[in-house]
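One structure below.
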Amino acid sequence: MACPSLEERFVGSLLGLALGDSLGAPHEGGPVAQAAWWLLGLGKRGILRWTDDTQMALVLARSLAEKRGVDPDDLARRWAEALDPRRGYGPGTRKLLGRIRGGEDWRAANRAVFPEGSFGNGAAMRSAPLGLFFHRDLAALEREAALASSITHAHPLGIEGGVLIALAAALALEDPFDEARFVAGLRERCARPEIRNRLELAGKPLSPAEVRKRLGCGVLAHESAVTAIHAFLRHRDDFLELQRFVVELGGDTDTIGAMAGGIFGAHRGASALPGEALARLEARDEIERAARELYRAWEGCPREGSERGTRPVA
Ligand code: R7I
Ligand code: MG
Ligand code: MG
């Protein structure tokens with residue numbers, strides 16, 4: 001199997017995130033949420049429509065590329081402008097972005113809905129582009145992913161979920177890939193027991209019922225981010241199998257699919273994604289363009305002692 005180029009991995013990650021989101025979206029939540037999603041899709045049959053997960057990741061990728069890094073004020077403004085309630089945002093994030101759109105500073109808005117900040121998985125779901133951009137400097141990755149996460153998810157668990165998925169996308173770029181090293185690399189950078197303890201189980205063979213019970217499959221950061229990592233490790237050779245597994249788990253299917261898809265794409269590159277599904281993906285070209293722009297921005301950033309684009313993670 002030829003090793004995909006780093007650029008193809010950037011593209012694979014963003015497209016994998018969007019595909020995972022759109023394949024999971026019809027199954028997210030209960031019957032009411034599912035019926036609403038179906039109704040919104042009338043007239044768009046055959047198109048794989050994505051949700052807030054992809055919307056926010058796309059905005060993040062573009063902002064990172066243009067600003068050559070995390071510019072929190074720019075990110076807050078762009079996320080607020082892009083807010084589209086038809087994409088199924090989490091209730092806290094929807095309100096918070098509405099407040100920013102109304103002129104409130106994100107530093108106040110991020111504790112206006114939940115006083116300690118949100119620990120939903122809304123930061124984790126969009127984090128893969130941060131992992132791509134900062135993969136050569138994991139200290140910068142942790143710092144910048146925490147900052148980008150805190151704009152909407154100021155709770156330590158919401159932030160750690162965002163950092164974890166960014167790290168997973170970064171470490172998935174490693175070639176050759178070593179599962180034990182991957183999991184150890186994640187664990188050593190996670191402080192919260194809710195996440196650290198779950199990571200111990202990430203590579204273990206668990207039944208779907210055990211995954212639901214011990215890792216979770218809900219909307220909270222610590223009850224979904226490690227689940228996505230587990231799903232990736234289990235099905236890292238077959239994207240559709242991976243997504244079938246996510247749908248079988250149930251719960252927050254679009255988001256677990258998006259997180260796992262972003263990691264899978266970074267690991268395997270765009271050529272490992274299913275062509276038939278990609279052909280039906282909403283705004284596929286736009287997503288691909290954003291990923292290539294992110295790559296070019298990454299390539300153009302000075303990094304001490306690095307041979308641009310030629311080496312796996314240091
Ligand atoms: O995290 P968030 O953006 O939601 C993302 C989810 C994904 O599944 C998307 O696909 C979309 O469907 O929504 O939105 P938040 O509202 O910040 O967090 C999600 C939920 O977590 C909240 O609505 C609460 O139910 C819960 N939650 C909290 N509950 C109590 N106290 C998050 N933070 C808190 C908290 O501090
Ligand atoms: Mg969503
Ligand atoms: Mg979701």
Side-chain angles (χ1 to χ4, degrees), residues 16-38 40-41 48-60 75-76 79-80 82-101 106 109-128 145 148-165 192 194-195 216-228 231 243 246-247 249-262 281-283 287:
L17 185 159
L19 265 188
D21 178 12
S22 61
L23 290 169
H27 308 276
E28 187 195 23
V32 175
Q34 291 177 9
W37 184 248
W38 182 82
L40 282 169
L48 285 172
R49 292 173 293 130
W50 34 259
T51 76
D52 56 330
D53 307 45
T54 303
Q55 178 72 73
M56 294 193 88
L58 194 53
V59 167
L60 173 57
L75 268 176
W79 277 329
L83 172 68
D84 174 358
R86 288 170 303 181
R87 298 270 183 206
Y89 283 72
T93 299
R94 197 175 56 232
K95 283 187 206 137
L96 186 157
L97 293 178
R99 294 175 82 113
I100 295 172
R101 190 132 86 167
W106 65 266
N110 68 1
R111 288 172 203 276
V113 183
F114 300 110
E116 292 175 52
S118 170
F119 47 79
N121 56 17
M125 72 188 185
R126 65 187 188 224
S127 256
S149 297
S150 71
I151 298 168
T152 53
H153 290 70
H155 191 284
L157 276 172
I159 291 176
E160 195 159 294
V163 173
L164 176 67
I165 296 299
R192 302 288 307 206
E194 296 89 335
I195 291 179
C217 59
V219 80
L220 304 184
H222 51 293
E223 292 180 358
S224 54
V226 179
T227 315
Q243 297 301 335
V246 170
V247 168
L249 290 178
D252 197 356
T253 45
D254 66 329
T255 301
I256 297 172
M259 294 189 285
L281 180 66
E282 177 185 6
I287 296 167

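First listed ligand is number 1; within each ligand, the first listed atom is number 1.
- Counting non-hydrogen atoms of neighbouring residues, nucleotides and ligands closer than 6.0 angstrom, the CD atom of Glu116 reaches no more than 12 such neighbours.
- Ligand 1 has an N or O atom lying under 3.5 Å from an N or O atom of Gly88, backbone or side chain.
- Considering both main-chain and side-chain atoms, Phe119 comes within under 3.5 Å of ligand 1 through a nitrogen or oxygen pair.
- Listed by number with element, the atoms of ligand 1 under 4.0 Å from a non-hydrogen atom of Glu28 are 8 (O), 9 (C), 10 (O), 11 (C), 12 (O).
- Looking at Ser22 and Leu281, their side chains come closer than 4.5 Å, going by heavy atoms from C-beta outward.
- For ligand 1, none of its N or O atoms has an N or O atom of Met125 under 3.5 Å away.
- For ligand 1, the atoms sitting less than 4.0 Å from at least one non-hydrogen atom of Asp53 are 9 (C), 10 (O), numbered in the order shown with element in parentheses.
- An angle of 80° is found at the Mg ion (ligand 2) between Asp53 atom OD1 and Thr51 atom OG1, rounded to 10°.
- Nearest non-hydrogen protein atom to atom 5 (C) of ligand 1 is Asn121 OD1, 3.3 Å.
- Counting heavy atoms from C-beta on, the side chains of Val219 and Thr255 never come closer than 4.5 Å.
- Between the side chains of Thr51 and Asp254, a donor-acceptor pair is found at a separation under 3.5 Å.
- No donor-acceptor distance shorter than 3.5 angstrom exists from the side chain of Arg87 to the backbone of Thr54, with no hydrogens or angles considered.
- Polar contact with ligand 1: absent for His155 (N/O pair, distance under 3.5 Å).
- Gly117 counts as a contact of ligand 1, since one of its heavy atoms falls under 4.0 Å from the ligand.
- The single protein non-hydrogen atom nearest to atom 21 (O) of ligand 1 is Leu220 CD2, 3.4 Å, given as residue, atom name and distance.
- Close approach of ligand 1 to Val219 (heavy-atom distance below 4.0 Å) involves ligand atoms 6 (C), 8 (O), 20 (C), 21 (O).
- Within the 4.0 Å heavy-atom shell around ligand 1 one does not find Lys95.
- Here the CH2 atom belonging to Trp50 is positioned 14.5 Å from the CG atom belonging to Leu23, to the nearest 0.5 angstrom.
- The shortest distance between side-chain heavy atoms of Leu220 and Leu157 does not fall below 4.5 Å.
- Among protein heavy atoms, atom 9 (C) of ligand 1 sits closest to Asp52 OD2, 3.1 Å.
- Rounding to 10°, one obtains 170° for the angle at the Mg ion (ligand 2) between OD2 (Asp254) and OD1 (Asp52).
- Nearest protein neighbour of atom 8 (O) of ligand 1, counting heavy atoms only, is Asp252 OD2, 2.5 Å.
- The distance from ligand 1 to the heavy atoms of His153 drops below 4.0 Å at these ligand atoms: 1 (O), 2 (P), 3 (O), 17 (O).
- The heavy atom nearest to atom 18 (O) of ligand 1, considering only Ser118, Gly92, Gly251, Gly90, is found in Ser118.
- Annotation for Arg86: atom CZ does not count as buried by contact number, only 12 or fewer foreign heavy atoms lying within 6.0 Å.
- Among the atoms of Asp252, an N, O or S atom falls under 2.8 Å from the Mg ion (ligand 3).
- Contact atoms of ligand 1 toward Asp254: 10 (O) (distance under 4.0 Å to a heavy atom of the residue).
- Residues Ser118 and Val113 form no side-chain contact, since every pair of their non-hydrogen atoms from C-beta on lies 4.5 Å or further apart.
- Inclusion of Met125 in the first shell of the Mg ion (ligand 3) is not supported: no N, O or S atom falls under 2.8 Å.
- Near Pro91, with a cut-off below 4.0 Å to any heavy atom, the atoms of ligand 1 are 16 (O), 23 (O).
- Atom OE2 is the N, O or S atom of Glu28 at the shortest distance from the Mg ion (ligand 3).
- Geometrically, ligand 1 and Thr255 share a nitrogen or oxygen pair separated by less than 3.5 Å.
- Checking each of Leu75, Leu96, Asn110 against Ile151 for a side-chain contact (heavy atoms from CB on, under 4.5 Å) leaves exactly one that passes, namely Leu75.
- Of the possible donor and acceptor atoms, one in the side chain of Thr253 sits under 3.5 Å from a partner among the backbone N and O of Glu28.
- In terms of modelled atom types and a separation under 3.5 Å, the side chain of Asn121 and the main chain of Ser224 share no donor-acceptor contact.
- The nearest heavy-atom contact from the protein to atom 3 (O) of ligand 1 is Thr93 OG1, 2.6 Å.
- The backbone N or O of Met56 sits less than 3.5 Å from a side-chain atom of Trp79, completing a donor-acceptor pair.
- In this structure, His27 and Val246 have side chains that are not in contact, with every pair of non-hydrogen atoms separated by 4.5 Å or more.
- At a threshold of 4.5 Å between non-hydrogen side-chain atoms, the residues His153 and Thr93 count as touching.
- Looking at atom 24 (C) of ligand 1, its nearest protein heavy atom turns out to be Phe114 CZ, 3.8 Å.
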